[in-house]
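Only one structure is covered here, and it is reproduced in the block below.
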Protein chains: 2
Amino acid sequence: MKKTEEYRSKCPLSIALEFIGDKWSLVIVRDLCMGKSKYGDFQNSPEGIPTNILASRLRKLEENGIVIKEPYQDRPVRYAYFLTEKGADLLPILQQLVIWTQKYVPDCLTPPESFFQVTSQDLLRKDKL
Amino acid sequence: MKKTEEYRSKCPLSIALEFIGDKWSLVIVRDLCMGKSKYGDFQNSPEGIPTNILASRLRKLEENGIVIKEPYQDRPVRYAYFLTEKGADLLPILQQLVIWTQKYVPDCLTPPESFFQVTSQDLLRKDKL
DNA sequence: GATAGTTACTTGCTTATTGCAAGTGATGGC
DNA sequence: GCCATCACTTGCAATAAGCAAGTAACTATC
């Protein structure tokens, strides 16, 4: 992992944005929180993430220790993706983002009640939301 | 403001990322929370935001109702920037991002104690952190 | 053995964005 | 008239985003 000298500053907010400050990374983390783990799962999400962006973001999230990939099949070898503890701890951020949008954007969807009750620990036990 | 049909999906998380899912917007919001309001203030931040990016992001934040600009001088006219209520309500998101980074990135800075005690309401009273 | 289907990517290309460095405009001070 | 200040804009090169098609490694079917 990077030394703090390699970030554009030592501010923790600024550092966080170097990890997840783009339009797709937290969408992928959302899908992982919801129990999705394979390529087809992510591609079925309503945003229609381009396949090259999906591959690139999953690789970066894995490099940053937010996601791990585990083979679920041998011939050919194919991988499923899961959140690490570091990744699961992004959940409170997702929850706060949802609260913000629900307050300020009319007509957006409401996640299930469980979404606000689930904790990072729950995700690691692989409970589905 | 956009209708929900104009976002890439109706998911509140996804919508939020269309507003602030980049590496600079929340850094600017951080600076506004800290009481900064003029160009020179933002440019003095440690990340060294390029001036064209600063201008572009402030304009977008204003268009999205997250920031307002008010003239502080007439000749020539010059503007200072402040958070709206919508912008101040991003504070819990900033706080969660900081908690995450402090847990997972060694050697990052620690904000003042007040950062975690301040509320969105406090920001609107223009209390400095 | 050839063909088709499935899943997970990669590739080539176009378009868009990022960001560097310099420049511009409207003032005031000397 | 020149210089300084502050808030941007501009031109351009580099990088990233994303579209659409393609590829690889299997299995199933005929």
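Convention: sequence-line order gives letters A, B, ...; per-chain numbering from 1.
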Check nucleotides 18-25 of chain C for protein N or O atoms closer than 3.5 Å to its own N or O atoms and list the pairs.
residue: C:dT18; atom: OP1; partner: B:Arg57; partner atom: NH2; Å: 2.8
residue: C:dG19; atom: OP2; partner: B:Trp24; partner atom: NE1; Å: 2.7
residue: C:dG19; atom: N7; partner: B:Asn52; partner atom: ND2; Å: 2.6
residue: C:dC20; atom: N4; partner: B:Asn52; partner atom: OD1; Å: 3.4
residue: C:dC20; atom: N4; partner: B:Asn52; partner atom: ND2; Å: 3.3

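Between the side chains of B:Glu85 and B:Ser120, not a single donor N or O lies within less than 3.5 Å of an accepting N or O. Side-chain N/O atoms of A:Lys60 and A:Ser25 include no donor and acceptor closer than 3.5 Å.
The interatomic distance linking B:Tyr79 (OH) with D:dC8 (P) rounds to 8 Å, in whole Å. The distance from atom CZ of A:Arg59 to atom C1' of D:dA16 is 14 Å, rounded to the nearest whole Å. Distance, A:Leu54 CG to D:dA17 P: 13 Å, rounded to whole Å. In this structure, the CZ atom of B:Arg75 is 16 Å from the C1' atom of D:dT5, given to the nearest Å. The distance from atom CD of A:Gln43 to atom C1' of D:dA20 is 13 Å, rounded to the nearest whole Å. For the pair A:Gln73 CD and D:dT27 C1', the computed distance is 10 Å after rounding to whole Å. The interatomic distance linking B:Asp74 (CG) with C:dG28 (C1') rounds to 15 Å, in whole Å.
Between A:Lys69 and A:Leu58, the closest side-chain pair of non-hydrogen atoms is not below 4.5 Å. Looking at heavy atoms from C-beta onward, A:Trp24 lies in side-chain contact with A:Pro50 at the 4.5 angstrom threshold. Counting heavy atoms from C-beta on, the side chains of A:Ile28 and A:Ile49 come closer than 4.5 Å.
Side chain of B:Thr84 to main chain of B:Ile66: a donor-acceptor pair is present (N/O by atom type, distance under 3.5 Å, no hydrogens or angles).
Between B:Tyr81 and D:dC8 there is a side-chain polar atom (N or O) within less than 4.0 angstrom of OP1 or OP2. A close approach under 4.0 Å does occur between a side-chain nitrogen or oxygen of B:Tyr72 and OP1 or OP2 of D:dA7.
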